[in-house]
Every structure is written in C-alpha cells, then in structure tokens.
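Beneath this line is the structure, given in structure tokens, with notes to follow.
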Amino acid sequence: MKLGTYTIDVERALGDLGLEPKVWGSDYVKVACPFGDHANDDMRPGLGVVLETGQWQCFKGCGGGSFEQLASMVLEYTPVEARRWLLVRGGEVEYGIDDCLLNSAEEVIGYEFEAMFRQDYARQSTERTHSYILDRGFTPATLKEWGIRYDERTPSIVLPLFDDTGEHLVGIIRREIPGYPLGNKYLVSPGCKKTRFLYGAWKHPRNTGVVIVVEGPLDVIWMHQLGFTSTVGIMGSSLSKDQEKSLLKLGQTVFVAVDNDDAGRNLDAQIGDKLGHKLNVVKIELPKGRKDVQEMPREELMRIFTKGGNLW
Ligand SMILES: [Zn+2]
C-alpha cells in the first residue's frame with residue numbers, strides 16, 4: 001500500500017493492529033472484525049482488506065474505508081495520529097524528495113519518529129562521500145566525528161540531528177550537492193521539528209560561558225574543526241522560542257557570526273532584540289567579501305573574535 005511516497009506492508013500493519021489474517025484471497029485477506037457483535041467469529045472473519053490499496057470493508061455492515069481510517073478506529077487515534085503510526089510502523093520506509101518537503105512542517109510528538117530516523121540513517125553510506133565536502137576543507141576525521149554520511153540514492157550529504165543531550169536522534173538533514181538539486185539547500189526528514197533544536201548543541205562543552213551562533217550545520221562543523229567548539233547553528237532564518245531557551249543554558253555571552261547578507265543581518269538584529277536584555281550579545285562583523293564563516297581560515301576567525309584567546 002502507498003501512503004504518499006511510502007510503501008507499507010498491509011499484512012504486517014494488520015498484525016500490528018492485532019488483526020491476524022484468517023483467510024487469504026488472491027489480492028485480499030480477511031480478518032475477524034474488531035467492531036461488531038460478530039467480532040469473535042473466527043470461523044467466518046467478516047472484514048476484508050485489499051492488500052494493494054489497504055481499502056477495507058466489513059461484510060456485516062460495520063463500515064469500510066481507507067487503511068488510515070481502520071488504524072484510527074482500532075487504535076482510537078485521530079487521523080493524523082493514525083497516519084504517523086502507519087509511517088513509523090509500516091515496514092519499509094521510502095523517502096522521496098517531494099515527501100520531505102510536504103511533511104517538513106509536521107511536528108514531532110515525543111520521539112515517536114526516532115525509529116524511522118534511525119532506519120533512514122542506518123541505510124546511508126559510511127564508505128563513500130562526495131568530493132564536494134572534502135573540497136571544502138572538511139577532514140575525514142570530522143565527517144566521522146559528526147556522523148556525516150552519504151545518500152547514494154538521493155545524492156546528498158546526510159547529517160544526523162540530535163537533541164541537546166545527544167541521546168535522541170531527532171531528524172536527518174540532507175545537504176544539497178552540486179548537480180543534484182533537492183529544491184532547498186538543506187532538507188529535513190518528515191517529522192523533524194528542527195526549530196526546536198540548535199545544531200551542534202549536543203557537542204557544546206557547557207563550561208565555557210560562551211556560545212557562538214552561526215546559521216547552517218556545515219558552518220557549525222567548520223567552526224568545531226577549527227577549535228571553536230562552543231558553536232551552534234540556528235538552521236533557519238529566525239530564532240525560535242525553544243532555541244532561545246537553549247541558548248540561555250549554554251552561555252552568558254553570545255557571539256553572533258551569521259551570514260554576511262540581508263537574511264543574516266535580519267537574524268542578527270532578531271537575536272539582539274530577543275536576548276540582548278538577558279545575555280551579553282556580541283555581533284561579529286564578517287570581513288567584506290566573506291559570505292560566511294566557512295570561507296574563513298582559523299587565523300582570520302581568531303582576529304575577528306577579538307577576545308578569542310580567553311574564551312575557548
Ligand atoms: Zn464488522
């Protein structure tokens with residue numbers, strides 16, 4: 001059965017609902033209907049499910065409809081919860097680019113998507129990478145340290161996103177590489193609520209009193225590779241409430257070193273407005289001609305973080 005671009009094994013999903021097939025047809029199965037007063041009639045199971053589409057029908061008149069509706073009725077879930085339940089449990093999960101875009105705004109409830117993220121991550125190549133990332137100066141040791149992998153099917157750099165503790169995988173981020181457009185520079189997996197997290201916060205040393213804020217995940221990793229290990233990334237163009245709270249826990253001085261463009265200046269002003277009265281916010285001006293921190297070597301970065309020597 002297809003759910004968006006996901007392929008779900010109907011028989012297995014029925015098993016997960018506690019509905020074991022009793023009769024097998026050429027393209028359908030029958031299970032004991034869980035709804036009517038004939039529910040326990042194992043000899044004449046009354047509910048047929050088409051394997052290809054997941055459509056179901058109780059022949060004693062209890063109802064019929066889509067597989068999502070069946071899951072929703074059996075589990076007493078809302079349609080949205082039932083859909084999530086199916087996406088997580090429904091066997092093989094196939095990611096399509098459109099699907100990522102379609103679902104990126106969905107909220108994660110607790111960590112119910114974690115199994116799906118881990119499944120996706122486990123499939124990505126650790127053997128291969130793309131010259132794009134090495135050409136930009138990232139070392140193999142850095143790729144390993146951050147768990148960066150390569151997706152051969154949707155050619156892209158794969159970066160795991162963890163929560164602040166580093167214990168939970170809360171999403172998979174794909175970074176576009178030249179020649180293989182994703183429709184966005186960075187794409188997060190369906191169900192990932194990236195605005196709740198700061199990229200790299202799980203690696204912040206916590207005892208420096210300082211936090212450096214940059215924009216993208218690769219900016220963060222670049223800074224860490226150069227020894228600026230108090231760096232975290234916003235992963236977007238605005239600072240969320242959750243990110244604001246996380247920053248308050250990481251340090252008393254915030255260095256803002258966002259991109260040298262209008263979006264960056266906007267983000268910079270926003271961070272000043274939101275945190276200026278609570279923390280010591282220091283705006284870092286990138287030199288003319290430098291688009292972001294990834295274009296800068298360590299010496300140059302040390303110079304612009306004037307108090308650098310004392311702070312990390
Ligand atoms: Zn029935």
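Counting starts at 1 for both ligands and their atoms, in listed order. Positions are given from 1, in the same order as the sequence printed here. The structure presented is a predicted model; accordingly, all values stated were derived computationally and were not measured.
In this structure, F67 has no ring-ring contact (aromatic ring centres under 6.0 Å, His included) partners at least two apart in sequence or on a different chain.
A cation-pi arrangement is not found for K30 relative to W56, the charged atom failing to lie both closer than 6.0 Å to the ring centre and inside a 45° cone about the ring normal.
Protein N/O/S atoms found under 2.8 Å from the Zn ion (ligand 1), listed by chain and residue number: C33 SG, H38 NE2, C58 SG, C62 SG.
Its side chain outside the 4.5 Å cluster rule for every partner, Y28 clusters with none of the Ile, Leu, Val, Met, Phe, Trp and Tyr residues. Members clustered with I271: L198, V211, V213, V232, I234, L239, L247, L248, L250, V254, V256, V258, L267, L275, L279, V281, by chain and number, using a 4.5 Å side-chain heavy-atom cutoff among hydrophobic residues.
Side-chain polar atoms of T165 and D163 form a donor-acceptor pair below 3.5 angstrom.
In this structure, Y150 and H130 have tilted ring planes: the angle between them lies in the 30° to 60° band.
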